J.: 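Dumping the structure here so I can ask a few things about it.
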Amino acid sequence: MQNIKLYNFLTRKKEIFRPIRKNWVGLYTCGPTVYNYAHIGNLRTYIFEDVLRRTLEYSGYKVKHVMNITDIDDKTIRDSLAAKKSLKEFTKFYTNEFFKGLESLNILSASEYPLATAHVPLIIKLIEKLLEKGLAYKIGGSVYFDVSKFKNYGKLSRLKKLDLKIGTRVDTDEYDKKSGEDFVLWKAKKENEPFWASPFGEGRPGWHIECSAMSMKYLGASFDIHAGGTDLLFPHHENEIAQSEGATGKKFVKYFMEGEHLLVNSRKMSKSLGNIFTLRDLEKKCFDPLAFRYLALSAHYRSRLNFTWESLEAAQNALDRLYGFVASLRAEKKTILSAKKMARFREAFQNAIFDDLNTPKALAVMWHLVHEYNKNSKKFNPKDVMALFYEFDEILGLGFKNLKAESPSEMANTLLKERERARKIGDFKKADEIRGKLKKMGWQVNDTGQGSQLFHL
Ligand code: AMP
Ligand code: ZN
C-alpha cells in the first residue's frame with residue numbers, strides 16, 4: 001500500500017497516515033444540523049470528506065465512515081416551533097433533502113448516520129461518567145464540563161490555559177475562542193422544548209456531547225480520523241476531545257482534519273450572514289450539481305475558495321468538455337498498446353492525491369492527459385485512456401461512467417443548457433455565440449416564456 005500524507009491539525013504537520021488497526025480506518029465526520037437546506041459551503045466540506053474517504057478506499061483500506069445528524073439543538077427547536085411542526089417531522093424533511101443533495105453530488109453514503117435524538121440514553125451515560133470523574137458539575141438542572149479540570153484543554157485549538165475563564169459558563173453551543181468557559185453538556189428543560197428524563201433532571205443534551213457519544217459507540221474509544229469544516233476546530237472538536245479523553249483516559253482521535261471555508265465576496269458563506277446558495281439555487285440557473293463538485297475539487301481543501309457564478313460557469317464548461325472527451329473515447333475503436341504511458345499518468349495522479357488530497361494537481365494531471373491525447377491520439381489506446389479516467393473517477397466522483405453515449409441531439413441539448421446558463425447570469429455575448437454554433441449544427445433556438453427550445457432547421 002502506498003503512503004498517504006495527511007495534514008493533522010493536532011500536530012499542525014503533514015504526516016504519513018498510519019491507521020490504528022491494520023488496513024481498517026475509522027472515520028467520523030460531523031454532519032448537518034437539519035433545520036434547513038444545506039448550503040454549498042456545507043457541501044464543500046462534505047465533498048472534501050468524500051474525497052478523503054474515496055482516497056483511503058482507492059488505496060486499499062476498508063473505511064467505516066460515520067456521520068451524525070444533529071436533529072436537536074437550539075436552531076432545530078426554534079425553527080420547528082416557528083413552522084408549527086413536531087421536531088421529528090421537521091428534521092426528517094431536511095434530513096431527506098440532505099441525503100438527496102449528497103446523492104446528486106456523488107458523495108458516497110456513510111456506513112452509519114446516527115441521529116442525536118436516538119442516542120440520548122448513551123449521552124446521559126457519558127455525562128454521568130464525567131460527573132463521576134469530577135470533570136463536570138450540576139447547576140440549576142443543567143450539567144457543565146469543567147474545563148479547568150481537564151489538563152489538555154486547548155491542545156487542538158492551541159488555546160492557552162491563561163485564556164480560560166475559570167468558573168464561568170456558556171450555554172450556547174456555538175461560541176468562539178474568547179469564551180474559554182465551561183460548556184454545557186445537559187440543558188435543563190425549558191418551556192415548549194422537547195425533553196428527556198435523566199438522573200440530573202428533565203432536559204436535553206448539548207451539541208458537543210452527541211459527537212463524543214456517537215463516534216465512540218460506532219468507532220471505539222480511539223479511532224483514526226475526525227473531520228469537519230475549520231469553524232468546528234474550536235469549540236466543537238476541542239470539546240469533543242475533552243469529553244471523550246476525560247471519560248475514557250484514552251487518546252480519542254489520531255488525525256484531525258479541517259476543511260477551509262467557501263466564501264462569498266471574501267466572507268464565509270453562512271446562514272447568519274444571509275449570503276448562502278443551495279443546490280436548488282444552482283439548479284434554477286441550469287447548473288449541474290456536479291459542476292459544483294468540480295469547482296470544489298479545483299481548490300485544495302485547506303485553501304479558502306471564493307464562490308462566484310463565473311467560476312461555477314467555468315467549472316461547468318470544463319466538466320462538459322471532460323464528458324465530451326470521455327464520450328468520444330468510447331466511440332473510438334483503435335487498439336494500440338499504451339499501458340506504459342498510462343502508468344506515468346497514474347503515478348502523477350496518485351502522487352498528487354496522496355499528498356494531502358491535492359485535487360487541483362490531480363485535475364491538472366487529468367487535463368494534461370486530455371491535451372496529450374488531443375495532440376497525438378495515434379500514440380494512445382482510447383480504451384486505456386478511458387479506463388484510466390474511470391480509475392481517476394473513483395476518487396474524483398465526477399460521474400464519467402454514468403455518461404450515456406452522446407448523440408448529435410444530446411450535444412445540442414448540452415449547448416442549449418450552456419446558453420441558458422449564460423443568459424441567466426447575464427452573459428448575452430456568449431448566449432449569442434452559442435446560438436450561432438447551434439445554427440451551424442442545424443438547430444434553431446426559440447426563446448419562450450417557459451425557457452428555450454430547439455427546432456431542426
Ligand atoms: P452545520 O450544519 O452548521 O453544523 O455545518 C455542517 C458542516 O459544514 C460543518 O462541517 C461546517 O464546518 C461546514 N461549513 C459551514 N459553513 C461552511 C462554509 N462556508 N464553507 C465550508 N464549510 C462550511
Ligand atoms: Zn461533531
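Along the sequence shown, residues are numbered consecutively beginning with 1. Counting starts at 1 for both ligands and their atoms, in listed order. All values reported here derive from a predicted model rather than from experimental measurement.
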J.: Nearest 0.5 Å, what's the NE2-CZ distance between His39 and Phe307?
T.: 12.5 Å
J.: Using 2.8 Å as a strict upper limit, say whether an N, O or S atom of Cys211 approaches the Zn ion (ligand 2) that closely.
T.: yes
J.: Using a 4.0 Å cut-off to any heavy atom of Asp231, which atoms of ligand 1 qualify?
T.: 11 (C), 12 (O)
J.: Asn275 side chain to Lys268 main-chain N or O, any donor-acceptor pair under 3.5 Å?
T.: yes
J.: On the 0 to 90° scale, with breaks at 30° and 60°, tag the Phe349-Phe392 ring pair as parallel, tilted or perpendicular.
T.: parallel
J.: Given Cys30, Gly41, Gly228, which has its nearest heavy atom closest to atom 23 (C) of ligand 1?
T.: Gly41
J.: Looking only at protein heavy atoms, which one is nearest to atom 7 (C) of ligand 1, and what is the separation?
T.: Tyr46 OH, 3.4 Å
J.: Determine the sole option in Lys5, Lys14, Lys361, Arg302 for which the salt bridge (charged side-chain N to carboxylate O under 4.0 Å, His left out) test with Asp356 is passed.
T.: Arg302
J.: Suppose I only count heavy atoms of Met269 and a 4.0 Å limit; which atoms of ligand 1 are within that range?
T.: 16 (N), 18 (C), 19 (N)
J.: May I ask you to identify the nearest protein heavy atom to atom 5 (O) of ligand 1, giving residue, atom name and distance to one decimal place in Å?
T.: Asn42 ND2, 3.5 Å
J.: Do Lys149 and Asp146 sit within salt-bridge range, that is, some charged N less than 4.0 Å from a carboxylate O?
T.: yes
J.: For atom 16 (N) of ligand 1, what's the nearest protein heavy atom and its distance?
T.: Lys268 CE, 3.4 Å
J.: Do any heavy atoms of His39 fall under 4.0 Å from ligand 1?
T.: yes
J.: For atom 10 (O) of ligand 1, what is the nearest protein heavy atom, given as residue, atom name and distance?
T.: Gly229 N, 3.0 Å
J.: Heavy-atom contact under 4.0 Å between Pro32 and ligand 1?
T.: yes
J.: Which atom pair, heavy atoms only, marks the closest approach of Tyr61 to Ile4?
T.: CE1-CD1, 4.2 Å
J.: Could you check Glu240, Glu238, Glu245 and say which one makes a salt bridge (charged side-chain N to carboxylate O under 4.0 Å, His left out) with Lys155?
T.: Glu245
J.: Determine the sole option in Lys189, Lys187, Lys190 for which the salt bridge (charged side-chain N to carboxylate O under 4.0 Å, His left out) test with Glu202 is passed.
T.: Lys189
J.: Is there an N/O/S atom in Cys30 that lies less than 2.8 Å from the Zn ion (ligand 2)?
T.: yes
J.: Please compare Leu262, Val264, Thr33, Thr29 and report which has the shortest non-hydrogen distance to atom 1 (P) of ligand 1.
T.: Thr33
J.: As an exercise, state the distance from CD of Gln2 to OG of Ser59, rounded to the nearest 0.5 Å.
T.: 8.5 Å
J.: Can you report which non-hydrogen protein atom sits closest to atom 9 (C) of ligand 1, along with the distance?
T.: Leu232 CD1, 3.8 Å
J.: Could you tell me, atom by atom, which parts of ligand 1 come under 4.0 Å of a heavy atom of Thr45?
T.: 10 (O), 13 (C), 21 (C), 22 (N), 23 (C)
